[in-house]
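Below: the structure, in structure tokens.
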Amino acid sequence: MSQLDLPFEGPFSVSDNPALWTPREIWVRLTAQMMTFFAEGRRIDYKGGAKVDFHDMAKYLSAFSNTPDGGVLVFGADSNGVATGCSSLSADQLNRIESCHTQLCPEAKPEFRRIEALINGKVDFCVAVFIPYVGRLVETNKQESWIRYGDSIHKMNDEEKQDFRSTRQELTFELSRAPYAFPGDFNESIIQDFCDGFRSRERREDWSNIEILKDRYLLVEHDGEICPTNALVLLAASAPRKSIPGCRVRVQRFGDELEGSGSTYAPLRDRFFEGNVIAIIKEVSQELDELVYDVTWLNKDGKFETTPEYPRWAWFEALVNACVHRSYSFSGTDVTIKLFPNRMEIESPGGFVPPVNEQNLYQTRAARNHHFMDAMRYLGYVQMAREGTRRIRESMENYSLPDPVFRQETLHGVVVRVTLFNDHITRKRASDRDVATYFGVEVWRQLQEHEIALAAHAYRSRIIHVSDASRITGRTWATSKKDLERLARKGVLEYVGGNYTRDSKAHYRLVERTNDQG
């Protein structure tokens, strides 16, 4: 390997790949010359050496203790990793750097070393602190909990603390007893299907439903009474939002590539789906089957192919994963599915469950709601967690679409967002090649997204009612009436009147086109 092939020049050897070093490896091997190569990020942060804010240090002790792999805090460097030294600090200040955690963040387990640095020709030093991941929630003495995201720290709210604890098995949301009567408050058909699936797969034909539910931690005994757990509520309760407000999914379709805000925020479709997770998945799947357009595109063999704009397996797996793996401790947020002209986004409240992250999610498995996921598996909805993400990627590959993008972001709390891109540049406005050909390219190019959906429906059904248009686009009856009138003015539809306003016999029908029209 030549010198030009080295990942870095200077302090690193040929075999080094510092981008892959863990925080502990960085701490063990770090030199002053290396620091400028490590930008501030999830693994490392720099602090000046002229003055130390110990309460600020406590926040970082908490944050790195709560971040998988931990992190390194270096005193005596600027934000770019250039050494400035700690020689101006008194002995008391240096001692307090090594001892302040005992009062300000007592559950942190920091380790310390000094790094020699040559500054303006004089020998100086930096103080490097390795803060290991503890595996349970670490708070400061002010009962604040912090976590590291990218190059900044984030203060957790109460719901985030609850979720953190549940994913580290400090306490378990899904095993908490729920205020429901069993079996009266539950869908017995779902429970029966689950128990039948368990008996078949586990060869427990002689087990009763109660025995199975208790074995799977969906029922527990308390003071001699049988009590349902939150896992059973999510699976089969008739009205789970009575105690779990986040048990619903929001589906939105936008006409532009941005949501907009204020007066520009105007989704074409905006619906909530509530109930137990089984019911939600079924109803949202029907909604997406209707909202996802058909597109025509040229495949690698040079032939036209008509398919949905996203493969069904991709969005279905993303929907199931979002419902199964979301944090139900975040009571005020929903799973949200947003469709834009160029992409679909599925947002699931709660971050990745350690050790899963954006880089290893195809190889690593972890679950937030173990028992609920297990129950969903017996109903045929869930394979192993990593299999679901692989199926999403493989489905997109089969449609010659880009790989899905998985990101953890801090929005209204922490969410994991899956983005599916539909390659709208080459497949733009081709909801159906036959439909586009029928209306003519020039007419088709002038239609907006919601008008395309209405025209495609009219092409297939030959007629369309205002109520049909309202259902397809999610717009009001009055707005849908105007949409159809506009299509009539464009020569796509013609109006067939009834005897009175909102007469069910009134409708619009497809304008029959001759061969020389388009």
Side-chain angles (χ1 to χ4, degrees), residues 157-167 170-195 209-210 212-214 216-252 270-287 319-337 346-350 367-379 381-382 412-415:
N157 59 33
D158 288 341
E159 289 181 336
E160 289 170 317
K161 290 182 184 180
Q162 169 88 1
D163 178 60
F164 188 98
R165 288 190 172 109
S166 68
T167 58
E170 288 186 58
L171 52 86
T172 308
F173 170 84
E174 62 172 343
L175 292 186
S176 298
R177 298 193 305 275
Y180 294 79
F182 180 83
D185 290 339
F186 293 84
N187 183 312
E188 294 189 44
S189 177
I190 293 175
I191 291 175
Q192 188 63 50
D193 288 344
F194 162 73
C195 292
N209 286 1
I210 296 293
I212 293 171
L213 294 172
K214 289 167 72 173
R216 298 290 95 188
Y217 301 99
L218 302 178
L219 290 178
V220 294
E221 285 195 24
H222 179 69
D223 293 336
E225 293 186 4
I226 294 177
C227 302
T229 64
N230 281 333
L232 185 59
V233 171
L234 293 172
L235 185 76
S238 301
R241 295 193 71 239
K242 180 176 72 173
S243 63
I244 308 177
C247 193
R248 69 176 182 177
V249 172
R250 186 178 191 178
V251 178
Q252 298 175 299
D270 193 353
R271 293 187 62 190
F272 289 92
F273 297 84
E274 301 177 355
N276 58 63
V277 173
I278 299 298
I280 287 174
I281 290 174
K282 289 180 179 178
E283 292 179 14
V284 172
S285 296
Q286 293 173 357
E287 178 80 354
L319 165 64
V320 171
N321 283 357
C323 290
V324 171
H325 296 297
R326 69 152 289 176
S327 170
Y328 287 96
S329 298
F330 290 84
S331 60
T333 55
D334 309 310
V335 170
T336 304
I337 301 175
I346 301 94
E347 293 178 0
S348 177
R368 175 177 277 107
N369 306 304
H370 298 269
H371 303 289
F372 174 53
M373 185 182 78
D374 184 61
M376 291 289 286
R377 186 179 298 119
Y378 286 109
L379 284 167
Y381 284 94
V382 174
H412 34 273
V414 183
V415 302

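- The closest donor-acceptor contact from the side chain of Thr229 to the backbone of Val220 lies at 3.5 Å or more, if one exists at all.
- Listed by chain and residue number, nothing satisfies the side-chain hydrogen bond (donor to acceptor under 3.5 Å, both in side chains) test with Asn230 (two or more places apart in sequence, or in another chain).
- Considering only heavy atoms from C-beta on, Glu225 stays 4.5 Å or farther from Asp223 through its side chain.
- Side chain of Arg326 to main chain of Gly246: a donor-acceptor pair is present (N/O by atom type, distance under 3.5 Å, no hydrogens or angles).
- Under the 4.5 Å side-chain criterion, counting only non-hydrogen atoms from C-beta, Ser348 is not in contact with Asn321.
- Using a 4.5 Å heavy-atom threshold, the side chains of Met376 and Val277 count as touching.
- Applying the ring pair (Phe, Tyr, Trp, His ring centres under 6.0 Å) rule to Phe273 yields no partners; only residues at least two apart in sequence or on another chain are considered.
- Phe186 has its side chain out of reach of Asn276: every pair of non-hydrogen atoms, C-beta onward, lies at least 4.5 Å apart.
- Between the side chain of Glu174 and the main chain of His371, a donor-acceptor pair closer than 3.5 Å is present.
- With Val249 as the fixed residue, the side chain to side chain contact (heavy atoms under 4.5 Å, CB included) test singles out one of Val284, Ile281, Thr336: Val284.
- The stretch residues 233-243 participates, sequence neighbours left out, in these salt bridge (charged side-chain N to carboxylate O under 4.0 Å, His left out) pairs: Arg241-Glu274.
- Residues that satisfy the side chain to side chain contact (heavy atoms under 4.5 Å, CB included) test with Ser238, not counting sequence neighbours, are absent from this structure.
- When the side-chain hydrogen bond (donor to acceptor under 3.5 Å, both in side chains) test is applied to Asn209, the partners found at least two apart in sequence or on another chain are Gln192, Arg199.
- Partners of Ser243 by side-chain hydrogen bond (donor to acceptor under 3.5 Å, both in side chains), not counting sequence neighbours, listed by chain and number: Tyr180.
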